[in-house]
Amino acid sequence: MQSPPPGFTGRLKRAVTGDAGTPLVFFGNFEVENQWALGEPALPRVAAHAGSAVVNRMDEFALLLGGKDDHVVLKTAVDDGYRAYLEGLGLALPTVHVAAGQEPRRTVSEDALADPDLLRTLTALAADGARLTAHGISTVEEELSERTGLRLAAPPADRCKHVNSKVYSRRLADELGIRQARGWACETPEELAAAVAAAGDLLAAGHRVVVKDAFGVSGKGIVVVDNERTLARLHRMAAAQAERTARAAGTAVRTALVIEEWVAKRADLNYQFTVGRDGAVHFDFVKELLTEGGVHKGHRMPARLTERQVAQIRETAHRLGERLAADGYFGVVGVDAMVDPDEGLYPVVEINARNNMSTYQAVVHEVLAGPDDVAVARHFTVRPRRPLPFAELRELLGPTLLTQPGGRPHGLFVNNYATVNAAAADAGENGFEGRLYGVLLAASDPEIEALGTDITRRLAALTERS
């Protein structure tokens, strides 16, 4: 048995396998909610593939979760310069396995299923005792497990899907008496009609409401409503969609929506805890969530909270974790929460029983950041005219790039480089758009702001290069 890794990775292994020395094979199948939503009644959406190539290259975040005895499957090989950068910071990386013939619109798990040689490699890893873990478990990862013999270091897909529903989150918080915005979970046409009527009263009184798909992700499947006419139209659309879904499946008509009052807030929060196979709950962290237009943009740590607020978050995490364990779930759990303008908490907005963006930042706080540093995770939009090697970006960023562990000197730690060039195949006359993900480390918020401004200025030069 290999020596167990320290910190979060070791705790994760112990939680999901019972042994901190078990080798894991990581898959970064981001937006797994799209798989969970298949066949579910939902608000009608406009099909959109824009950006999916970049989202699917977020798989490279998983590179930073494993230790030297672990494995990660990626859509393409790691840029040589980026690998050297990570190793130069003293990070012990897992063994990388690359899917042949990756398709930009597929997740890394789907790519793996289409690669017979990779499947044979994974089968050999299974024989050595490795287990499969992922951003979230869907039927795709279950098929990978069946075809390779890699046992899941997670509950079955149907259990993961069940506890990730916003309907489940709403009803669990109601049952536990946890403060929420006024709202209703709707799983039947009758529940939806009653919720629409009650929400109409809120609208008539001058409030706004929000309608959420049970499996919406990244700002999709969420509609803010400020008048009764729009709510009635959404009700008709949702009811018609539910009937079509039921006819196609040959089942009773059901809905999967949450309607809530839109409440004032000072800040969004995200906190994480880990539930073990034995039901033990470990609180990992709480971070301040940075959003723009309802879409996640990053995290700030430490969150600007009082000791009393943090204690309330911890208590809520343990209550939720105990119930999730009783419902058959174990693994990473991320919860979105809010702080109201009077500093009261809404401790549960929704539960995400899967990895979260902040999960992949553990290495920052365990290895790279100083004890008094402020860390802000975010991404920068980049617009290169051709595929950009990391070595060139490193030169462009100059002293703004973090190059020493321990937080001194401060700078940007790049925690995903694949997303920079993910859309290169779609380049036009003006190049293509990518994302540079990283964590800004500095001694204060003003220094973070200045660092981000400097990086943005430097990256703007990319559009001027041929």
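In what follows, residues are counted from 1 in the order of the sequence shown. Below, each value reflects all heavy atoms present in this structure, side chains not excepted, and no hydrogens, waters or symmetry copies.
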Treating [X] as the side-chain partner and [Y] as the backbone partner, does any N or O pair qualify as donor plus acceptor under 3.5 Å?
{"X": "Tyr271", "Y": "Pro347", "result": "yes"}
{"X": "Ser145", "Y": "Leu150", "result": "yes"}
{"X": "Asp19", "Y": "Gly21", "result": "yes"}
{"X": "Ser165", "Y": "Val167", "result": "yes"}
{"X": "Thr107", "Y": "Asn29", "result": "no"}
{"X": "Lys75", "Y": "Glu103", "result": "yes"}
{"X": "Lys13", "Y": "Thr22", "result": "yes"}
{"X": "Tyr329", "Y": "Val332", "result": "yes"}
{"X": "Glu141", "Y": "Ser109", "result": "no"}
{"X": "Arg300", "Y": "Pro302", "result": "yes"}

Do [X] and [Y] come close enough that some side-chain heavy atom pair is under 4.5 Å?
{"X": "His299", "Y": "Val439", "value": "no"}
{"X": "Gln35", "Y": "Val140", "value": "yes"}
{"X": "Val211", "Y": "Ile222", "value": "no"}
{"X": "Leu144", "Y": "Phe27", "value": "yes"}
{"X": "Leu203", "Y": "Leu231", "value": "yes"}
{"X": "Leu320", "Y": "Leu176", "value": "yes"}
{"X": "Tyr360", "Y": "Met58", "value": "no"}

Hey, are [X] and [Y] close enough for a salt bridge, meaning a charged N less than 4.0 Å from a carboxylate O?
{"X": "Asp327", "Y": "Arg159", "value": "no"}
{"X": "Glu142", "Y": "Arg147", "value": "no"}
{"X": "Asp342", "Y": "Arg266", "value": "no"}
{"X": "Asp340", "Y": "Arg179", "value": "yes"}
{"X": "Glu260", "Y": "Arg170", "value": "yes"}
{"X": "Arg106", "Y": "Asp111", "value": "yes"}

Checking [Y] against [X]: is there a side-chain donor and acceptor pair closer than 3.5 Å?
{"X": "Ser358", "Y": "Asn270", "value": "yes"}
{"X": "Asn164", "Y": "Glu33", "value": "no"}
{"X": "Thr230", "Y": "Asn227", "value": "yes"}
{"X": "Asn415", "Y": "Gln361", "value": "no"}
{"X": "Gln272", "Y": "Lys287", "value": "no"}

Could you state the interatomic distance from [atom1] ([X]) to [atom2] ([Y]), rounded to the nearest 0.5 Å?
{"X": "Phe30", "Y": "Asn416", "atom1": "CZ", "atom2": "CG", "value": "8.0 Å"}
{"X": "Ile137", "Y": "Leu152", "atom1": "CD1", "atom2": "CG", "value": "5.0 Å"}
{"X": "Asp284", "Y": "Arg314", "atom1": "CG", "atom2": "CZ", "value": "9.5 Å"}
{"X": "Arg131", "Y": "Thr133", "atom1": "CZ", "atom2": "OG1", "value": "10.0 Å"}
{"X": "Thr9", "Y": "Asp70", "atom1": "OG1", "atom2": "CG", "value": "7.0 Å"}
{"X": "Asn421", "Y": "Thr76", "atom1": "CG", "atom2": "OG1", "value": "9.0 Å"}

**Report entry** Output field: ring centroids Tyr437/Phe61 closer than 6.0 Å
**Finding:** yes
Report task. State yes or no: are the ring centers of Phe285 and Phe8 separated by less than 6.0 Å? Result -> no
Report task. Check the pair Leu436, Tyr417 against side chain to side chain contact (heavy atoms under 4.5 Å, CB included), reporting the backbone distance first and the verdict last. Result -> CA-CA 6 Å; Leu436 175 66; Tyr417 194 68; 4.1 Å; yes
Query - Criterion side chain to side chain contact (heavy atoms under 4.5 Å, CB included) on Met338 and Val263, from CA distance to verdict - result: CA-CA 10 Å; Met338 296 187 300; Val263 295; 3.6 Å; yes
Requested in this report: Starting from the C-alpha separation in whole Å, work towards a yes-or-no answer on salt bridge (Lys or Arg N to Asp or Glu O under 4.0 Å) for Glu288 and Arg304.
Outcome: CA-CA 7 Å; Glu288 195 168 327; Arg304 288 165 284 203; 2.8 Å; yes
Query - salt bridge (Lys or Arg N to Asp or Glu O under 4.0 Å) evaluation trace for Arg354 with Glu31 - result: CA-CA 10 Å; Arg354 54 159 172 77; Glu31 296 200 348; over 6 Å; no
Query raised in the report: Where is the tightest heavy-atom contact between Ala185 and Val258, given as atom of each residue plus distance?
Result: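 Nearest heavy atoms, Ala185 then Val258: CA-CG2, 4.4 Å.
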Requested in this report: Start with the C-alpha distance between Leu402 and Leu368, add both sets of side-chain angles, then the distance that settles side chain to side chain contact (heavy atoms under 4.5 Å, CB included), and finish with yes or no.
Outcome: CA-CA 9 Å; Leu402 183 76; Leu368 302 177; 4.2 Å; yes
**Report entry** Ring-face cation contact, Tyr168 with Lys166, 6.0 Å cut, 45° max
**Finding:** no
Report task. Report the residues that fulfil salt bridge (charged side-chain N to carboxylate O under 4.0 Å, His left out) with Arg171, sequence neighbours left out, ordered by chain and then residue number. Result -> Glu187, Glu191
Report task. With sequence neighbours excluded, tell me which residues meet salt bridge (charged side-chain N to carboxylate O under 4.0 Å, His left out) with Asp268. Result -> Lys265
Requested in this report: Return yes when atom CD of Glu343 has more than 12 non-hydrogen atoms of other residues, nucleotides or ligands closer than 6.0 Å, and no otherwise.
Outcome: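 Yes, because the 6.0 Å sphere around CD of Glu343 holds more than 12 heavy atoms from other groups.
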Query raised in the report: Hey, mind stepping through Leu43 and Met237 against side chain to side chain contact (heavy atoms under 4.5 Å, CB included) and telling me if it holds?
Result: CA-CA 7 Å; Leu43 296 174; Met237 293 169 65; 5.8 Å; no
Query - Aromatic ring pairing Phe215/Trp36, orientation class (parallel under 30°, perpendicular over 60°, tilted between) - result: tilted
